[in-house]
Amino acid sequence: MTFPDAPVGIFDSGVGGLSVLRHIQAQLPHEHLLYLADTGFAPYGDKPEHIVVERVLAIGDFLLAQGAKALVVACNTATVAAVRELRERHPGMPIVGVEPGLKPAASLTRSGKVGVLATERTLRGAKFLQLRDQIHRDSGAEFLLQPCVGLADQIEFGELDSTATSAMLKRFIMPLLTEGADTLVLGCTHYPLVRASIERLLKDAGRPDVALVDTGDAVARQLARLLAGASQLRAQSTIPASLTGYTSASATALTAAFRNLLGIDPPVHEVALPLPAGWPPAPAS
Ligand code: DGL
């Protein structure tokens, strides 16, 4: 049985997934979409893997309960930690994850050195390290891993262009350029939201040639492929495509993010999701 009119459920630890949502809206304009920002539990990047897994499974259950026909894990950290478990829990369902674009970066680099900007959790995940090793073997490209502690938080706070965010970007990116990177992977879905600041930094550093790799477009294409393969693509209709936002924090904050980052005003609902067992950890005595 197929349900083309059912929505696609998209989620992230916060507003980062909006950098993926905009590609999905552009490529699949007829799909009904649900977007869940797990802002009340962000960031994922500094939490233990099993805690992220449990939370992701709870979000998947929530989105399925809203009728989702497919899921997009619009978060590198959640994909590395939990996409396998999510697929095991929902066999047969189209599920698309986001992985840092190491492969496209390996084919773009001329110096053979690629900087990877991502959360600590992504860069330590077994799935990511396997990908890195395999692409290094296949292409010879060297990957310089840079955990960007605190950057996703800055973006969550709407600090896209502040002095503190620019200083942070400089601290993370300049050493990669010094080591010879000519290509930077934006390995967290929050980071394309500060792409303009990164480009300005590269220009000021006299390195406007450095390529930036963001996989939002590829994720939307993969979603389109999976929906078509499962006969789940929604056709154009007199009923326009809708978008509904959900957040585990304040509706006002997500409404403002939709407006400021995408210039749209969808309805937003606050949701309570179950906390993973053992979270938050008891304070050390
Ligand atoms: N947007 C998320 C990602 O792509 C991570 C942010 C976080 O640490 O929660 O990795």
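Numbering of ligands and ligand atoms starts at 1, following listing order.
- Within a 6.0 Å radius of CZ in R171, other residues, nucleotides and ligands contribute more than 12 heavy atoms.
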Donor-acceptor pairs are to be reported for all side-chain atoms of residues 17-26 against protein atoms at under 3.5 Å, with residues two or more places apart or in another chain.
| unit_1 | atom_1 | unit_2 | atom_2 | d |
| --- | --- | --- | --- | --- |
| S19 | OG | G16 | O | 3.0 |
| S19 | OG | T189 | O | 2.7 |

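- Side-chain contact check for L177 versus V210: some heavy-atom pair is nearer than 4.5 Å.
- Side chains of D38 and Y44: a donor-acceptor N/O pair is present below 3.5 angstrom, by distance only.
- Ligand 1 is surrounded by D12, S13, P43, Y44, G45, C75, N76, T77, T119, A152, C188, T189, H190, each with at least one heavy atom closer than 4.0 Å.
- Evaluation of the side chain to side chain contact (heavy atoms under 4.5 Å, CB included) rule for R200 yields D161, S197, D204 as partners, not counting sequence neighbours.
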Kindly list each side-chain donor-acceptor pair under 3.5 angstrom involving residues 115-136, sequence neighbours excluded, with atom names and distances?
| unit_1 | atom_1 | unit_2 | atom_2 | d |
| --- | --- | --- | --- | --- |
| T119 | OG1 | T77 | OG1 | 2.9 |
| T119 | OG1 | T122 | N | 3.2 |
| T119 | OG1 | T122 | OG1 | 3.1 |
| R121 | NE | K47 | O | 2.6 |
| T122 | OG1 | T77 | N | 3.3 |
| T122 | OG1 | T77 | OG1 | 3.1 |
| K127 | NZ | E99 | OE2 | 2.4 |
| H136 | ND1 | A141 | O | 2.7 |

